[in-house]
Protein chains: 2
Amino acid sequence: MNPYIHITQGNGGKQTQELIHNVFLKYLNHNNFQLEDSAKVFIENQKIAITTDAHVIKPIFFSGGDIGKLAITGTINDLSVVGAKPLFITASFIIEEGFSILNLQKILESMKKELEYNQVEFIAGDTKVVPKGEIDEIFISTTGIGVLLENIPTGLGTVKEKDKVILSGTMGDHGASLYLLRNSLDFNVDIKSDCNSINFVIQNLLSSCKTIKIIRDPTRGGVATVLNEFVRNQNWGIEIWEEKVPIKEEVKGVCDILGLEVFHLACEGRFVCILAEEEVEKAISILKNFEISKDSSVIGEVTNRYPSKVVLKTNIGGKRMLDMLSNEILPRIC
Amino acid sequence: MNPYIHITQGNGGKQTQELIHNVFLKYLNHNNFQLEDSAKVFIENQKIAITTDAHVIKPIFFSGGDIGKLAITGTINDLSVVGAKPLFITASFIIEEGFSILNLQKILESMKKELEYNQVEFIAGDTKVVPKGEIDEIFISTTGIGVLLENIPTGLGTVKEKDKVILSGTMGDHGASLYLLRNSLDFNVDIKSDCNSINFVIQNLLSSCKTIKIIRDPTRGGVATVLNEFVRNQNWGIEIWEEKVPIKEEVKGVCDILGLEVFHLACEGRFVCILAEEEVEKAISILKNFEISKDSSVIGEVTNRYPSKVVLKTNIGGKRMLDMLSNEILPRIC
């Protein structure tokens, strides 16, 4: 086979079939895969969660992952944070004519690995090939289907003063990593993206802690954006304690030098949650059991002093507002 | 609001929220819409069908539809042909910086209209904005979720000699329409795409006819490609009778002049099905009741004379093989 994607491989005919059989099905497959217009599956629990995302990250390979891993983890994480157990994933691939088949295989291998790790089935796909210059390399859109667990977050309406805010790991690794790569900055540091599935850690958390009010993964827009989504139109606000926020030295260094707001940097393997004070200790001890959340920390609390606001108590004792991201730090971060 | 998509509207922060609230939610919304990472839905029937497609059609507006209508009908049709009733749709939008918000609204309006007509709920979305030049205008990836009806097609394994092949309407209108537009050919004809949902007609057909073996919509690759997928590795083949195949005069004219194989032209609102001879009359009378399938016709039959082959009996009495599409007539046809 030609080592580069050919325009005929998007024709829906013979060459598309060959591409599907010789490349895609070697990675994305399962026992009862039927090449039909729709996949048929059986779901026992009737409460379903569904999420969708387009992945346009640039570059497609980065330290700690690639667009394939990101597409799967991103989808799994969106299901996990609402309290769903991910079951199925679909993906549509839009590929530029001339794209390397070897790179496509690397991406598919990453997807396969991440699907297996999470015990999630790939059930349906689609591939379009677009003439050279009409798309930059490859975009992957994924949809995830899961079943809601018995205990799901109780919702923003149940949040109370003194509830605590937990961040599950270091902040902004993904954003800082991509920022360095994209700007070819030579800081002599390798910042690895935190790109990871947070499925199992959240399942454990939800099965043990009954006072989890809300969970969200701070991707585009970062932790500050997620926190501002929480407080919007609420008569409560959130105070964040800078000294408690886990940030890698390298990430802090990059932000300081470049003037980036670390609270706006994207994470791809972290979550923020609000829960009652009495379960904080238990929650943290569960999180510390998992490698991906070993740096988890209580970073702040719910307060009635600043309705609808997120306020940062800084290391030097001052206070400042943390707003949503309102410019574009870096397009195609995910 | 600025009349063109700005790069900050893909930041996941304030501008993305504004775009979602001021544009997307005006069209794609439902009663219990919660802006969470996943939508939560309840599905009574546990046998689920799921399909996914990327839509990259060019131009995005064409005679008879646009990329928005196509994204919805394409997804609904893929669910319909396996015997599922479409319930939910998700969509992820990848948009070029500078894209006209007015055009985005037109596209969303088309999606809304088609969703309402089919009584399908839009439940989850995602929007990415890509810098100018890194994507051509807009791509929409959709996933559809449906429940399997009581009677679904019995499968290729149940096909027998003398079974009949039905095409639900005129062939190749979509492909010919796009071909004219893309090549700026002035034939003094307006060929309208057949882009339409075939949901209700198929539901009617399946509830009345119990011998439907297989249904498929002949999109990319056209009728010849679908028929070849049917016969692959089978000990039976299909004979098609040219004189019975409904083709618009204008479509035939365009194909003759340009040397296009009309059997390879895409349809976006037609289906091909195989069923037992004894139910043909009933099936055709049901199809004739619907505007979109009023030109339906029995175009051929299953035969053991040509195992794994599709043979066309031409108007002048000759016979020739109909192969799968194996070149690229027109990239970005859907």
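Note on naming: letters A, B, ... go to the chains in the order of the sequence lines (proteins, then strands), and numbering restarts at 1 for each one. From a predicted model like this one, the values you see are computed outputs, not experimental measurements. Heavy-atom basis, side chains included; hydrogens, waters and symmetry copies ignored.
- The contact between B:Gln17 and chain A is made entirely by side chain atoms (from C-beta outward), counting heavy-atom distances below 4.5 Å.
- For chain B, the nearby parts of A:Val82 are the backbone and the side chain; heavy atoms of each come within less than 4.5 Å.
- Between chain A and the residues B:Arg220, B:Glu137, B:Glu97, B:His264, the most heavy-atom pairs under 4.5 angstrom are made by B:Arg220.
- Against chain B, the residues from residues 148-157 of chain A that qualify, each with a non-hydrogen atom under 4.5 angstrom away, are A:Leu148, A:Ile152 in number order.
- Taken to the nearest 0.5 Å, the OG atom of B:Ser38 stands 5.5 Å off from the CG atom of A:Asp78.
- With a threshold of 4.5 angstrom between heavy atoms, A:Ile48 approaches chain B through its backbone and through its side chain.
- Note on B:Gly221, B:Gly146, B:Gly10, B:Gly144: by heavy-atom pairs under 4.5 Å with chain A, the leading option is B:Gly10.
- Few gaps surround NZ on B:Lys213; more than 12 heavy atoms of other groups in view lie less than 6.0 Å from it.
- Atom CD1 of A:Ile89 sits about 11.0 Å away from atom CD1 of B:Ile50, to the nearest 0.5 Å.
- Of the two parts of A:Thr8, the backbone and the side chain both hold a non-hydrogen atom closer than 4.5 Å to a non-hydrogen atom of chain B.
- Side chains of B:Ile43 and A:Ile43 form no contact here, defined as non-hydrogen atoms less than 4.5 Å apart.
- Contact of A:Glu96 with chain B is not made at all, since no heavy-atom distance falls under 4.5 Å.
- When the heavy atoms of residues 327-334 of chain A are compared with those of chain B, the residues falling under 4.5 Å are A:Asn327, A:Glu328, A:Pro331, A:Arg332, A:Cys334, listed by number.
- Across B:Ser80, B:Ser141, B:Ala54, the residue that shares the most heavy-atom pairs under 4.5 angstrom with chain A is B:Ala54.
- Side-chain contact between A:Lys40 and B:Lys47 is absent, with no heavy atoms from C-beta onward closer than 4.5 Å.
- Contact annotation for A:Phe139: only side-chain heavy atoms (C-beta onward) come within less than 4.5 Å of a heavy atom of chain B.
- Contacts of A:Val41 with chain B are made by both backbone and side-chain atoms, with heavy-atom separations under 4.5 Å.
- To the nearest 0.5 Å, the span separating CG on A:Leu325 from OG1 on B:Thr16 amounts to 8.0 Å.
- Contacts of A:Ala91 with chain B are made by backbone atoms alone, with heavy-atom separations under 4.5 Å and no side-chain atom involved.
- Across A:Thr225 and B:Gly12, no two heavy atoms sit closer than the pair CG2-O, 3.4 Å.
- Here B:Lys14 pairs with nothing under the salt bridge (charged side-chain N to carboxylate O under 4.0 Å, His left out) rule; sequence neighbours left out.
- Both the backbone and the side chain of B:Ile7 have a heavy atom closer than 4.5 Å to some heavy atom of chain A.
- Atom CD1 of A:Ile123 is separated from atom OG1 of B:Thr52 by 9.0 Å, given to the nearest 0.5 angstrom.
- Residues of residues 127-136 of chain A lying within less than 4.5 angstrom of chain B, judged on heavy atoms, are A:Thr127, A:Lys128, A:Val130, A:Pro131, A:Gly133, A:Glu134, A:Ile135, A:Asp136 in numerical order.
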